[in-house]
Amino acid sequence: MSQVRVRFAPSPTGYLHIGGVRTALFNWLYARQQKGIFILRIEDTDQSRSTDESIQAILEGMAWVGLDWDEGPFRQTERMELYRSHGLRLFEQGKAYWCVCTPEALEARRKEAEAKGLSPKYDGRCRALGITKPTQEAALRFKAPQEGQTVVDDLIKGRVVFDNNVLDDLVILRSNGYPTYNFSVVVDDGLMKITHVVRGDDHLTNTPRQLPMFEALGFPIPRFGHLPMILGPDRTRLSKRHGATSIMAYKEMGYLPEAMVNYLVRLGWSHGDQEVFSREELIEKFSFDHVQKSSAVFNPDKLLWMNAHYLQHSDPSRIAEALVPLLEQAGLKAEIEAVTPEWMQRLIVMVRERTKTLMEMVHWVKPYFGHAVPYEEEAAKKFLTQSTVPVLQELVATFEKFPALSKAEWEEAFKKLVEQKGLKMGQLAQPVRVALTGRTASPGLFEVMELLGRERTLLRLRKGIERASAAQA
RNA sequence: GUCCCCAUCGUCUAGCCUGGCCUAGGACGCCGGCCUUUCAAGCCGGCAACACGGGUUCGAAUCCCGUUGGGGACGCCA
């Protein structure tokens, strides 16, 4: 068996979307598993819609999810000669012909046919003309087989049979000399010796159109695998109106690429009941046998859960790596530089079980930098009241007696004070929480103290007392 | 309209190929409880599906046919 060669072939007409990433991912996984070659090919033959920004977006998106390629990126616009020469060869061999129908005329006939309830396919009228040297604008059409059947033995869908009479003579070279999609794909997949064409199942009906071209060009026929589509909640193809579909939008919302990959791979593929897979496991366990035939609805809730899971279970240094740029973006550059990586990781471990995205984590992590902490007005108003001043003062006095902060000792002292005063835990805990973090919700108080350290804990408690003393009685 | 694909809880899915182990399992979400200094996390429990109709068979979620429903394709777009 020769080496597996697969490709991801997006067209650069917008951002890299979720569906594209999943297609790329399945190709990549298969290549890595089979020790094969993964090729990136940019299909930019539609010069009116392709942009360089889109190419950048594709590369950026691929990099973010960690899908690296072995060959390319190739751009089809740099391979024009190849398509032209192969097209002309088909003409010379009598397998293609010049068509002088204008786009307008074709459009009109298509409409007419549709109105009559007929198939809108090209009627093949130039096929018999035998034009050898067109004197006007002409497109080259491939002579598609008109009888018999074309069978696609699909890796995912199984055996699919098409009657050739549904095929029409496809334009392979436009009158402007550019190849069309269905032709450039065949030439490239053939020339690049692609062994497995794995793409969205919106291409399934393109396959019987492409197979005869592989044959005509003398290329070996690759295996095909058509992946089910990803749908929005309304069960139509996922698109912009369903919300964020750009892969980079998820980066910006604070998702981890590994969570994204894990979620996406489970959309259409499964391995028993397992939900969470490391990248190594995916490479090992991926199989087309367990790719679902039916389309899947994108479920943001489950993606969010997956992200929370990775936030909670990944190595803290990994989370820090992803979080730090976001903190810098949030204007905390100086604060980050003032702390050690170890402390940063402790902070992450402390807050992470209450965050589902890195963006939420940014919010949760903020109170622990710097000396004093700003209060959320509501929180201060509610808990830093005159009546709390005496007990807070007593707490500070108690803590001051300890030369160092010991979480266990301070907790014990705290609880003793609560008991002495006949208070409920929360009656002291909430004011202290606000004093320490500025908020009513936080990690465990003594974890917070331990992280802040003795001096900052005492400082913030004193500031809390100041604020409470200034409050209206 | 024509062709193609698909069909298990609201969603992602296991099981289907190689019928009985399925009183259909897991996950997300939802509801309830436990834990609890707040917020979470965690743990325990609950609700919830084989689209429908015919066959085949001792027996069908699993095999066959049809119906219905959903999706896709039919461009000098990709």
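Per chain, numbering begins at 1; letters A, B, ... match sequence-line order.
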Taking atom [atom1] in both [N] and [M], compute the distance separating them and give it to the nearest angstrom.
{"N": "B:G45", "M": "B:U62", "atom1": "P", "result": "31 Å"}
{"N": "B:C9", "M": "B:C47", "atom1": "C1'", "result": "10 Å"}
{"N": "B:G29", "M": "B:G71", "atom1": "P", "result": "27 Å"}
{"N": "B:G54", "M": "B:G59", "atom1": "P", "result": "15 Å"}
{"N": "B:G72", "M": "B:G10", "atom1": "P", "result": "22 Å"}
{"N": "B:G70", "M": "B:A27", "atom1": "C1'", "result": "24 Å"}
{"N": "B:C50", "M": "B:A61", "atom1": "C1'", "result": "4 Å"}
{"N": "B:A51", "M": "B:U11", "atom1": "P", "result": "12 Å"}

With heavy atoms under 4.0 Å as the rule, sort [X] into base, sugar-phosphate or nothing.
{"X": "A:Pro10", "answer": "nothing"}
{"X": "A:Thr236", "answer": "sugar-phosphate"}
{"X": "A:Thr205", "answer": "base"}
{"X": "A:Asn299", "answer": "base"}
{"X": "A:Tyr263", "answer": "nothing"}
{"X": "A:Ser270", "answer": "sugar-phosphate"}
{"X": "A:Arg235", "answer": "sugar-phosphate"}
{"X": "A:Arg141", "answer": "sugar-phosphate"}
{"X": "A:His290", "answer": "sugar-phosphate"}
{"X": "A:Gln312", "answer": "sugar-phosphate"}
{"X": "A:Leu140", "answer": "nothing"}
{"X": "A:Thr45", "answer": "sugar-phosphate"}
{"X": "A:Val185", "answer": "nothing"}
{"X": "A:Glu114", "answer": "nothing"}

Tell me the closest heavy-atom pair linking A:Ser175 and A:Glu137, and the distance in Å.
OG-OE1, 3.6 Å

Between A:Ala259 and A:Asn307, what is the shortest heavy-atom contact and its length?
CB-OD1, 3.4 Å

Considering only [options], which nucleotide approaches the side chain of [X] most closely?
{"X": "A:Lys302", "options": "B:U13, B:A27, B:G72", "result": "B:A27"}
{"X": "A:Trp305", "options": "B:G71, B:A27, B:A78", "result": "B:A27"}
{"X": "A:Asp301", "options": "B:C28, B:C76, B:U13", "result": "B:C28"}
{"X": "A:Lys157", "options": "B:C6, B:U13, B:C76", "result": "B:C6"}
{"X": "A:Gln292", "options": "B:C76, B:A14, B:C77", "result": "B:A14"}
{"X": "A:Ala429", "options": "B:A40, B:U37, B:A78", "result": "B:U37"}
{"X": "A:Asp273", "options": "B:A78, B:C12, B:G26", "result": "B:G26"}
{"X": "A:Arg174", "options": "B:C28, B:A78, B:U38", "result": "B:A78"}
{"X": "A:Arg433", "options": "B:G70, B:U37, B:A78", "result": "B:U37"}
{"X": "A:Pro120", "options": "B:U13, B:G1, B:C76", "result": "B:G1"}

Does the separation of the ring centres of A:His203 and A:Tyr181 fall below 6.0 angstrom?
yes

Could you tell me if the ring centre of A:Phe142 sits under 6.0 Å from that of A:Phe183?
no

Using both distances under 3.5 Å as the test, list the Watson-Crick or G-U wobble partner of [N], or none.
{"N": "B:C16", "result": "none"}
{"N": "B:C74", "result": "B:G1"}
{"N": "B:U38", "result": "none"}
{"N": "B:A51", "result": "B:U67"}
{"N": "B:G32", "result": "B:C44"}
{"N": "B:U23", "result": "none"}

Measure [atom1]/[X] against [atom2]/[N] and give the value in whole Å, please.
{"X": "A:Arg266", "N": "B:G26", "atom1": "CZ", "atom2": "P", "result": "14 Å"}
{"X": "A:Leu238", "N": "B:G72", "atom1": "CG", "atom2": "C1'", "result": "15 Å"}
{"X": "A:Leu204", "N": "B:U2", "atom1": "CG", "atom2": "P", "result": "19 Å"}
{"X": "A:Asp289", "N": "B:U18", "atom1": "CG", "atom2": "P", "result": "14 Å"}
{"X": "A:Leu167", "N": "B:G75", "atom1": "CG", "atom2": "P", "result": "12 Å"}

Ignoring hydrogens and geometry beyond distance, is the side chain of [X] in donor-acceptor contact with the base of [N] at under 3.5 Å?
{"X": "A:Asp201", "N": "B:G72", "answer": "no"}
{"X": "A:Glu353", "N": "B:G42", "answer": "no"}
{"X": "A:Ser295", "N": "B:C6", "answer": "no"}

Given that A:Glu137 and A:Leu231 both sit by RNA chain B, which one's nearest nucleotide is further toward the 5' end?
A:Leu231

Starting at the 5' end of RNA chain B, which residue's closest nucleotide do you reach first, A:Asp202 or A:Leu445?
A:Leu445

Please determine if A:Arg433 forms a cation-pi arrangement with A:Phe383, meaning its NZ or CZ atom is less than 6.0 Å from the six-membered ring centre and no more than 45° off the ring axis.
no

A:Leu445 side, atom CG; A:Leu436 side, atom CG - distance, nearest 0.5 Å
6.5 Å

Should A:Arg110 and A:Glu107 count as an ion pair when the cut-off is N to O under 4.0 Å?
yes

Using a strict 4.0 Å threshold on nitrogen-to-oxygen distance, state whether A:Arg141 and A:Asp168 make a salt bridge.
no

When the ring planes of A:Phe277 and A:His271 are compared, do they come out parallel, tilted or perpendicular, using 30° and 60° as the limits?
perpendicular

Around atom CD of A:Glu378, are there more than 12 heavy atoms from other residues, nucleotides or ligands closer than 6.0 Å?
no

